[in-house]
Amino acid sequence: MDTSDVPSHPPQELSTPMATLSIPLNDGKQIPWLAFGTGTVQRDTDTTEIVRTAIASGITHLDGAQMYGNEETLGAGIAAAGRPRSELFVTTKLNKIPEGKTVRDTLVDSLKKLRLDYVDLFLIHVPLHHPGQLKSVWKQFEELQVEGLTKSIGVSNFRIKDLEEIIEGATVLPSVNQIEYHPYVYKASQPLLEFQKKHNIVTASFSGLTPITRHKDGPVVPILSSIRERLERDTGRTVTEGQVLGLWLRAHGIVEITTSSKAERITEFVAMQSLPDLGPGEVEAIDEAGSKLHFRVMLPWMDE
């Protein structure tokens, strides 16, 4: 499909200005659209310098987790950057709860490691870590929000049945579900995203660059190349296929969580925010190409 002459359209449900794109949450708060994650290549490593670099480059949303084993250095990087706390959005996620501990105990421990008084978003990382206990765990999350140890609460890697389990009887709905999301799970994820839309639950994406990093010969690649060329012609700037994938997420109103150990890649992520939007035909072309292949990198039970 030739997408070179399709007009652009505004991103869905995004707040501007462009330099600080954000998406409204169902609790009245805002989540920055672009996040720097400390998982994958950053797991169990010293992230101090790369986090400092990310913040210095203009990224304000930092995505961590107890499971990643690097909350201490995420906190050190935040401290080294010297940016006011009010300008940052920090996420962490609940791991398995140690015997004899409560959800609150784990978050207090995380806050000590992060050198923070609160996080902006606290997520249940994996529903299968809490069999038969999701309602109880979610109740504790609600209490932590009331206490002010986290501003917003949400989940990660939740299927529809997991969301239904905690929503029934909940006082507060999850504000976010962070999942693997890219064109090759676009079709399979549609029922989940439709369910989340009904409850105003924002989707956040990890592994969003899968079509160019883990499945490089798939049907989406020629579409990305065509759109990249169009953007370069229109802007006079160098554009990458990774940036096009980010713009696809933006067009769908989905938070992008990405990472790198290289400062130049972080600069590329930040530069993406000022690129023009994809046209509706371009978004549709990526949707359609992605629907021709199902490829999930992580957690195959998400397809159950």
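Only a predicted model underlies this, so the values are computations on that prediction, with no experimental measurement involved.
- Between the side chains of S207 and E180, not a single donor N or O lies within less than 3.5 Å of an accepting N or O.
- Using a 4.5 Å cut-off on side-chain heavy atoms (C-beta onward), F122 and V103 make contact.
- Closest approach of E165 and K135 over heavy atoms only: O-NZ, 2.8 Å.
- Looking only at distances, no side-chain donor or acceptor of S260 sits under 3.5 Å from a matching main-chain atom of R265.
- Residue D120 forms a side-chain hydrogen bond (donor to acceptor under 3.5 Å, both in side chains) with just one option from H61, K29, Q30, R85, and that option is R85.
- Looking only at side-chain heavy atoms (C-beta outward), I153 and V176 stay at 4.5 Å or farther from each other.
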message: What verdict does the side-chain contact (heavy atoms from CB on, under 4.5 Å) test give for I166 and L173, after you've listed the backbone C-alpha separation in whole Å, the side-chain angles of each residue and the deciding distance to 0.1 Å?
response: CA-CA 8 Å; I166 64 170; L173 293 178; over 6 Å; no

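- Listed here is the closest heavy atom pair of D105 and G100: OD2-O, 4.4 Å.
- Using a 4.5 Å heavy-atom threshold, the side chains of V172 and D27 count as separate.
- Minimum interatomic distance between G246 and M272 (heavy atoms only, all atoms of both residues): CA-SD, 3.5 Å.
- Atom OG1 of residue T238 and atom CD of residue Q243 lie 9.0 Å apart, to the nearest 0.5 angstrom.
- Cluster annotation: L94 and V146 are assigned to distinct hydrophobic clusters (Ile/Leu/Val/Met/Phe/Trp/Tyr, side-chain heavy-atom contacts under 4.5 Å, transitive).
- V221 and V244 are not part of a single hydrophobic cluster, where members link through side-chain heavy atoms under 4.5 Å apart.
- Counting heavy atoms from C-beta outward, Y68 and D44 have side chains that stay 4.5 Å or more apart.
- When the side chain to side chain contact (heavy atoms under 4.5 Å, CB included) test is applied to D46, the partners found at least two apart in sequence or on another chain are T48, T73.
- What you find for Q145 and S152 is that their closest heavy atoms are NE2-CA, 3.8 Å.
- The side-chain heavy atoms of S110 and Q66, taken from C-beta on, include a pair separated by under 4.5 Å.
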Listing, residues 293-304 side-chain donor-acceptor contacts under 3.5 Å, not counting sequence neighbours, or none:
unit_1: H294; atom_1: NE2; unit_2: D303; atom_2: OD2; d: 2.9
unit_1: R296; atom_1: NE; unit_2: D303; atom_2: OD1; d: 3.2
unit_1: R296; atom_1: NE; unit_2: D303; atom_2: OD2; d: 3.1
unit_1: R296; atom_1: NH2; unit_2: D303; atom_2: OD1; d: 2.8
unit_1: E304; atom_1: OE1; unit_2: R159; atom_2: NH1; d: 3.2

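- Note that NE2 of H129 is 9.0 Å distant from CG of N157, once rounded to the nearest 0.5 Å.
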task: Evaluate the side-chain contact (heavy atoms from CB on, under 4.5 Å) criterion for residues L88 and L62: first the C-alpha distance (whole Å), next the side-chain angles of each, then the deciding distance (0.1 Å), finally the verdict.
output: CA-CA 8 Å; L88 299 177; L62 295 312; 4.3 Å; yes

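- A donor-acceptor pair is defined here as one N or O able to donate and one able to accept, closer than 3.5 Å; no such pair exists between the side chain of R214 and the backbone of L209.
- With F141 as the aromatic partner, R104 does not meet the cation-pi criteria of under 6.0 angstrom to the ring centre and within 45 degrees of the ring axis.
- Linking Ile, Leu, Val, Met, Phe, Trp and Tyr whenever their side-chain heavy atoms come within less than 4.5 Å leaves V41 and I257 in two separate clusters.
- T92 and E71 are linked by a side-chain donor-acceptor pair at a separation below 3.5 angstrom, with hydrogens and angles left out of the test.
- Using a distance-only test at 3.5 Å, with no hydrogens or angles considered, a donor-acceptor pair links the side chain of E142 to the main chain of T171.
- By the rule that hydrophobic residues join a cluster once side-chain heavy atoms approach within less than 4.5 Å of another member, V108 and Y118 end up as members of separate clusters.
- How far OG of S291 is from CD1 of I286: 11.5 Å, rounded to the nearest 0.5 Å.
- Rounded to the nearest 0.5 Å, atoms CG (L116) and OG1 (T150) are 11.0 Å apart.
- Under a 3.5 Å cut-off, the side chain of W33 and the backbone N or O of I254 do form a donor-acceptor pair.
- Side-chain atoms of E284 and E288, non-hydrogen and from C-beta on, do get closer than 4.5 Å to each other.
- Closest heavy-atom contact between A263 and T53: CB-CG2, 4.0 Å.
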message: Working note: T60 + I55, criterion side-chain contact (heavy atoms from CB on, under 4.5 Å); need CA distance, chi angles, decisive distance, verdict.
response: CA-CA 6 Å; T60 60; I55 296 171; over 6 Å; no

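- For the pair E147 (side chain) and L144 (backbone), a donor-acceptor distance under 3.5 Å is absent.
- If you chain together hydrophobic residues whose side chains sit under 4.5 Å apart, I31 and V270 fall into the same group.
- Here CG of L278 is found 5.5 Å from CD1 of I227. Values are rounded to the nearest 0.5 Å.
- Below 30°, between 30° and 60°, or above 60°: for W248 and Y181 the angle between ring planes is below 30°, a parallel geometry.
- At a threshold of 4.0 Å, the pair K93-D63 counts as salt-bridged, since one of the basic side-chain nitrogens sits closer than that to a carboxylate oxygen.
- A distance of 10.0 Å separates CG of N70 from NZ of K113, quoted to the nearest 0.5 Å.
- R43 and T38 share no side-chain donor-acceptor pair at under 3.5 Å.
- Heavy-atom minimum distance, P174 versus I167: CD-CG1, 4.2 Å.
- Between T235 and P276 there is a side-chain heavy-atom pair separated by less than 4.5 Å.
- Side-chain contact between I97 and T102: absent, with no pair of heavy atoms (C-beta onward) separated by less than 4.5 Å.
- Under the 4.0 Å criterion applied to side-chain N and carboxylate O atoms, E72 and K112 are not assigned as salt-bridge partners.
- Under the 6.0 Å cut-off for aromatic ring centres, H182 and Y186 do not qualify, their centroids lying 6.0 Å or more apart.
- The pair K197-E194 fails the salt-bridge criterion, with no side-chain N (NZ, NE, NH1 or NH2) lying under 4.0 Å from an Asp/Glu carboxylate O.
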- request: Could you walk me through whether N95 and T106 pass the side-chain contact (heavy atoms from CB on, under 4.5 Å) test, one step at a time?
  value: CA-CA 8 Å; N95 199 359; T106 74; over 6 Å; no

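- Salt-bridge annotation for E164 and K161: absent, with no side-chain N of the basic residue lying under 4.0 Å from a carboxylate O of the acidic one.
- Taking the side-chain hydrogen bond (donor to acceptor under 3.5 Å, both in side chains) definition, one finds that E232 meets it with R228, sequence neighbours left out.
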task: Check the pair T240, E268 against side chain to side chain donor-acceptor pair (under 3.5 Å), reporting the backbone distance first and the verdict last.
output: CA-CA 8 Å; T240 68; E268 176 186 326; 2.7 Å; yes

